[in-house]
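Note on naming: letters A, B, ... go to the chains in the order of the sequence lines (proteins, then strands), and numbering restarts at 1 for each one. Side chains are part of it too, since the values below use all heavy atoms of this structure and drop only hydrogens, waters and symmetry mates.
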2 protein chains.
Amino acid sequence: MESTRERPVTMADVARAAGVSRTTVSFVLNDRSGVNIPGTTRERILHAAEGLGYRRNAAAQALASQRSGLFGLVTEIVTSPFAADVIKGAQWRSWEDNRFLLIAPSENEQMMEAAAIEKLLEQRIEGLIIAASWHQAIEVPENAHQVPCVLVHCFDESGRLPSVVPDEESGGRAAAQELLAYGHREVAHITLPPGIPAQVGRLRGFGAELSAADVALPDQRIVAGDGTAESGYHGAAELLDGPNPPTAIFCGNDRMAMGAYDAIKERGLRIPHEISVVGFDDQQALADSLRPGLTTVALPFEEMGAAGVRKLTAMTTGSRDTSSHLALDCPLHRRSSVGFALR
Amino acid sequence: MESTRERPVTMADVARAAGVSRTTVSFVLNDRSGVNIPGTTRERILHAAEGLGYRRNAAAQALASQRSGLFGLVTEIVTSPFAADVIKGAQWRSWEDNRFLLIAPSENEQMMEAAAIEKLLEQRIEGLIIAASWHQAIEVPENAHQVPCVLVHCFDESGRLPSVVPDEESGGRAAAQELLAYGHREVAHITLPPGIPAQVGRLRGFGAELSAADVALPDQRIVAGDGTAESGYHGAAELLDGPNPPTAIFCGNDRMAMGAYDAIKERGLRIPHEISVVGFDDQQALADSLRPGLTTVALPFEEMGAAGVRKLTAMTTGSRDTSSHLALDCPLHRRSSVGFALR
DNA sequence: CTGTTAGCGCGTTCAA
DNA sequence: TTGAACGCGCTAACAG
């Protein structure tokens, strides 16, 4: 029984079949610039490769050339509802750039994240993207520094690593614009936990756009929340029960908007007829369960993923990209929670 | 300037540092069974590797061992809203199985799909998953047969390739159960294009569950749709304007449910008070824009992705898995479009 | 412009 | 148990 092991055809086979050396084959198959190979030879090689069913071996190429053509992405894939969008954007962009994207789950346990990166490093990735589930300063694992690294939806304190984050201020402005367009002048805001980028940016953008339209946002109209539905409920209650209730509330995130809905309905007010609400994050599962549908500002996850890869490609191809901190606009997603102001 | 090129440390370096041969290092690092190595030597090697910061080179290992540890997944990542869920399930499962998942976009152009697979093959994937955007029989590209291959959300006519599909019938049954639970006995169905698995299964399951409860589903109550909102509109109109309008409509998909909503509202009927609607597919973006929220049957994308990988792992590790055609349950997602029957 | 030669880092057989 | 030697498939100097 002579087992003719179906051995995969190699460059040597192609060279033999075409009557040339492996080098020539390599040159032709990678059509290297700066080498002029007779059209006939070229044809012959291509034809032989085709005929034999030759297929490049990426591992061999990676080993020999010291370049894997791989990018890595660590993200909270299982627990974060947003991770899929970042992956989608990054994945597509990588493919366009003729690279594969390796994904590794971090689930934000610091240990696991380092381990995940380690796995990626074993694959000799040429670049790494670390994506966080919320806009924050992160502690970058030591081993991440062994390859070009881009931070997505987060940044490091030192600011040494390039990052791609949402422009929270633009989101705040978008919310304000929408409310202003509907004639609201008595507006309020329920904030996120103080100090985090999302809290600072969203409020700042909101306030700036309002004041540009000569609409005041006094301190009594800014109540502190902590991001939970619970705090949204209390925040809205405080605003509505106060001496001068607003006609519209911009909530620092969708969860708080959910809480606000409860407080509003509890008081017999109708959304959007008597009061308008704008959220932030565009959480599908959440906006989905709210009645009426929540008009909210979305985070540009897909774009951030793509931008991260683009930046990585730029870095690995040597083009020194100076604009290393990118902030992407947060667009408004209209649903049904904003109506015309009564006052 | 003696540039001490920071050459990555190899097994040879570890061997030298530990005073043993590369073979021994290889044995220890891969803790090969059937080899007894003195605890001391073992310790010494591990220590040396740690100290030198040794990191395995996946490409070299793949090349030498002829096993890449990679699985491939082709899917319509950019155009299909469901692809992300399949990816999520498959990705997570692969990681658990200690493998990386390579994703390639197909966008259902037959040419592009083959090209995508070709790229994956160059990476020497050990298994391939082909995922479709709707449950259908597909033409499997020739090159897909060069590695173990599992079909997700689709199947090949010949039935030779293992597949993981949604159990459409279970979804039809779930819809019926929900309506029955709310006391509906006058129910109708708007079908998908005739013949496709989703149409056949959903209707069959729906009908079976009804008849098990002694509820009739006469032919006049089954109107043909084609999957578009337009056809849903007309189907619902036909049902509502007929001699004996139903109290509940099960639509073959969400898009048709959207159309049905219009016909219903146009006739001054309220959902779910006067008529109930159940959809199929659980399309976020769609169910999100409907008022009231659409109760609908979901396709188990994440589970299908995971099951596909699991099957692949089983195949590549040789365990002959006979149950090669897997059908996963479709669970109901309750929102607000089902209410108690008035009649 | 083409062929020769030497690695890339690791798995694995075969002796010792 | 350990070490020497070869091969995996390809890239890249360096000659010719």
Side-chain angles (χ1 to χ4, degrees), chain A residues 5-46 48-49 52-70 121-126, chain B residues 5-46 48-49 52-70 119 121-126 146:
Chain A
R5 279 295 282 164
E6 194 176 332
R7 186 179 51 77
V9 12
T10 77
M11 269 195 179
D13 298 325
V14 175
R16 204 171 306 122
V20 296
S21 81
R22 294 208 313 270
T23 312
T24 313
V25 175
S26 176
F27 281 173
V28 171
L29 262 34
N30 300 340
D31 53 32
R32 260 173 83 119
S33 56
V35 209
N36 245 340
I37 288 168
T40 359
T41 315
R42 181 182 202 72
E43 279 304 319
R44 196 147 34 91
I45 292 175
L46 255 23
L52 294 177
Y54 169 77
R55 181 148 42 216
R56 166 188 0 222
N57 182 322
Q61 181 168 347
L63 181 58
S65 68
Q66 307 279 52
R67 313 184 323 101
S68 65
L70 264 30
L121 255 19
E122 288 184 356
Q123 301 289 328
R124 296 297 188 268
I125 52 170
E126 295 175 36
Chain B
R5 279 295 282 164
E6 194 177 330
R7 187 178 51 77
V9 12
T10 76
M11 270 196 178
D13 298 325
V14 176
R16 204 171 306 123
V20 296
S21 81
R22 294 205 313 275
T23 312
T24 313
V25 175
S26 177
F27 282 173
V28 170
L29 260 34
N30 301 340
D31 52 31
R32 254 172 88 115
S33 56
V35 209
N36 245 341
I37 289 169
T40 357
T41 315
R42 181 182 203 72
E43 280 303 321
R44 195 146 35 89
I45 292 175
L46 255 23
L52 294 177
Y54 168 77
R55 181 150 41 216
R56 166 191 350 223
N57 182 322
Q61 180 167 333
L63 183 58
S65 68
Q66 307 278 51
R67 310 185 325 98
S68 65
L70 263 30
K119 287 270 197 189
L121 256 17
E122 287 184 358
Q123 300 288 329
R124 296 298 186 269
I125 52 171
E126 295 174 35
Q146 311 208 358

Using the closest heavy atom to pick a nucleotide of DNA chain D for each, name whichever of A:A12 or B:P38 lands nearer the 5' end. B:P38
Is the shortest side-chain N/O distance from B:S21 to OP1 or OP2 of D:dG3 below 4.0 Å?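 Indeed, a polar side-chain atom of B:S21 lies that close.
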Within the pair A:T24 and C:dG3, is there a side-chain N or O less than 4.0 Å away from OP1 or OP2?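 Yes, because at least one side-chain N or O of A:T24 sits under 4.0 Å from OP1 or OP2 of C:dG3.
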Going by the rule side chain to side chain donor-acceptor pair (under 3.5 Å), which residues pair with [X] if we only count those two or more places apart in sequence or in a different chain?
{"X": "B:Q146", "result": "A:R55"}
{"X": "B:S68", "result": "none"}
{"X": "A:R16", "result": "A:D13"}
{"X": "B:S21", "result": "B:T24"}

Atom [atom1] of [X] and atom [atom2] of [N]: how far apart are they, to the nearest Å?
{"X": "B:R16", "N": "C:dC10", "atom1": "CZ", "atom2": "P", "result": "12 Å"}
{"X": "A:R67", "N": "C:dG9", "atom1": "CZ", "atom2": "P", "result": "16 Å"}
{"X": "B:N57", "N": "D:dC8", "atom1": "CG", "atom2": "C1'", "result": "13 Å"}
{"X": "A:L29", "N": "D:dG9", "atom1": "CG", "atom2": "C1'", "result": "13 Å"}
{"X": "A:Q66", "N": "C:dG7", "atom1": "CD", "atom2": "C1'", "result": "10 Å"}
{"X": "B:R124", "N": "D:dC10", "atom1": "CZ", "atom2": "C1'", "result": "11 Å"}

Quick check on the helix from C:dC1-D:dG16 to C:dA16-D:dT1: what's the angle between its two end axes, five base pairs per end, to the nearest 10°? 40°
B:R22 side chain near B:T10 side chain, heavy-atom distance below 4.5 Å: no
Are A:V25 and A:Y54 side-chain neighbours, meaning at least one heavy-atom pair lies under 4.5 Å? no
Let's see if you can work this out: which of C:dC10, D:dG9, C:dT2 has an atom nearest to the side-chain heavy atoms of A:L63?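 Closest of the options to the side chain of A:L63: D:dG9.
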Which heavy atom of [X] sits nearest to which heavy atom of [Y], and what is that distance?
{"X": "A:V9", "Y": "A:L52", "value": "CG1-O, 3.2 Å"}
{"X": "A:I45", "Y": "A:V14", "value": "O-CG1, 4.0 Å"}
{"X": "B:Q123", "Y": "B:L70", "value": "O-CD2, 3.8 Å"}

Per-nucleotide protein contact string for nucleotides 11-16 of chain D, where B marks a base within reach and S marks sugar-phosphate only (heavy atoms under 4.0 Å, - for neither): BBB---
